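All residue numbers in this chain count up from 1 along the given sequence. Predicted, not measured: the structure shown is a model, and the values here were computed from it.
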Amino acid sequence: MPLMKIDMIKGRTDKEIKEILDISYHVMLETFHAPSGDRYQIVTQHEPHEMQILDTGLGFDRTNQVLVFSLTTRPRTTEEKKAFYSELVRELNEQVGIRAEDVMINLTVNSDED
């Protein structure tokens, strides 16, 4: 049961936030093989000055559309993580128009007993 927290800059519509939540949930189900209904998502919106997500030598700029996904999850294989990363970025771009450069993903691993 991954816990997914999504940080974003204020200003998105309710519809766009719902789309982001639905996309990330479905990608997580598909790539992590979680059971349907295993949905724990929290959105936190920030003022622009509260999010400093800078380029660290990657050669691109992020915009005010940046999304930071923080997931706490049981251990996942490299293949599962790569699939999650690539599918999430692709779906967000295709369905909501969010650039790959504006998606940051952080996974924290814990076990079932945690």
Side-chain angles (χ1 to χ4, degrees):
M1 70 175 163
L3 169 62
M4 184 182 302
K5 295 182 179 183
I6 308 167
D7 290 278
M8 61 184 67
I9 294 173
K10 288 180 181 177
R12 295 180 189 273
T13 66
D14 291 348
K15 179 181 182 281
E16 187 176 12
I17 293 170
K18 182 178 180 337
E19 288 176 322
I20 292 166
L21 289 169
D22 289 346
I23 290 165
S24 56
Y25 170 66
H26 291 294
V27 169
M28 185 272 304
L29 284 180
E30 180 180 304
T31 58
F32 288 169
H33 313 290
S36 182
D38 200 11
R39 189 170 186 168
Y40 306 94
Q41 295 173 299
I42 300 168
V43 170
T44 304
Q45 298 185 65
H46 302 271
E47 296 295 336
H49 67 275
E50 295 176 334
M51 288 185 67
Q52 299 297 314
I53 313 299
L54 305 176
D55 173 17
T56 55
L58 299 173
F60 57 80
D61 292 321
R62 292 191 172 95
T63 71
N64 66 348
Q65 297 298 303
V66 67
L67 297 172
V68 178
F69 289 84
S70 301
L71 283 79
T72 302
T73 182
R74 67 177 53 149
R76 303 293 173 177
T77 67
T78 299
E79 293 77 22
E80 287 174 319
K81 289 187 263 188
K82 285 181 179 181
F84 176 77
Y85 302 154
S86 64
E87 285 298 309
L88 180 60
V89 168
R90 185 181 65 74
E91 291 290 329
L92 287 170
N93 181 263
E94 288 179 6
Q95 295 185 41
V96 191
I98 297 169
R99 303 174 329 134
E101 297 87 353
D102 282 329
V103 179
M104 181 176 174
I105 303 167
N106 176 57
L107 264 70
T108 302
V109 176
N110 70 356
S111 59
D112 289 347
E113 55 271 1
D114 292 331

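Atom CD1 of residue Ile98 and atom CD of residue Glu19 lie 9.0 Å apart, to the nearest 0.5 angstrom. How far OG1 of Thr108 is from CG of Leu71: 8.5 Å, rounded to the nearest 0.5 Å. For the atom pair NZ of Lys15 and CD1 of Ile20, the computed distance is 11.0 Å after rounding to the nearest 0.5 Å. Expressed to the nearest 0.5 Å, how far CD of Glu87 lies from OG1 of Thr31 amounts to 8.0 Å. Note that NZ of Lys81 is 6.5 Å distant from CG of Leu107, once rounded to the nearest 0.5 Å.
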Item to complete: Give the intermediate values and the outcome of salt bridge (charged side-chain N to carboxylate O under 4.0 Å, His left out) for residues Glu79 and Lys82.
Response: CA-CA 5 Å; Glu79 293 77 22; Lys82 285 181 179 181; over 6 Å; no
Discussion item. Please determine whether side chain to side chain contact (heavy atoms under 4.5 Å, CB included) holds for the pair Thr73 and Met28, giving the CA-CA distance in whole Å, both sets of side-chain angles, and the decisive distance to 0.1 Å.
Written reply: CA-CA 11 Å; Thr73 182; Met28 185 272 304; over 6 Å; no
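Scanning both residues, Arg62 and Asp102, for their nearest heavy atoms gives CA-OD1, 3.2 Å. Nearest heavy-atom pair across Pro35 and Leu29 is O-CD2, 3.4 Å. For Gly11 against Gln45, the heavy-atom pair with the smallest separation is N-OE1, 3.9 Å. Shortest non-hydrogen contact noted between Ala100 and Val89 is CB-CG1, 3.3 Å. In plain terms, the two heavy atoms of Val96 and Glu16 that are nearest each other are CG1-OE2, 3.3 Å.
The main-chain N or O of Phe60 is never found under 3.5 Å from a side-chain atom of Glu101 such that the two would form a donor-acceptor pair. Between the Tyr25 side chain and the Gly37 main chain, a donor and an acceptor come within less than 3.5 Å of each other. Side chain of Arg12 to backbone of Gln65: a donor-acceptor contact under 3.5 angstrom is found.
Here the side chains of Leu92 and Ser24 are not in contact, with every heavy-atom distance at 4.5 Å or above. Side chains of His26 and Glu30 form no contact here, defined as non-hydrogen atoms less than 4.5 Å apart.
Evaluation of the side chain to side chain contact (heavy atoms under 4.5 Å, CB included) rule for Lys18 yields Asp22 as partners, not counting sequence neighbours.
Note on residues 76-114: pairs passing ring pair (Phe, Tyr, Trp, His ring centres under 6.0 Å), not counting sequence neighbours, are Phe32-Phe84.
Within 6.0 Å of NZ on Lys5 lie no more than 12 heavy atoms contributed by other residues, nucleotides or ligands. No more than 12 heavy atoms of other residues, nucleotides or ligands shown are found within 6.0 angstrom of CG on Asp61.
Val68 forms part of a hydrophobic cluster together with Ile9, Met51, Ile53, Val66, Met104, judged by ILVMFWY side-chain heavy-atom separations under 4.5 Å.
Hydrophobic clustering of Ile, Leu, Val, Met, Phe, Trp and Tyr side chains at less than 4.5 Å, counting indirect connections, keeps Ile6 apart from Ile42.
In this model, no donor atom of one side chain and acceptor atom of the other lie less than 3.5 Å apart for Asn110 and Thr72.
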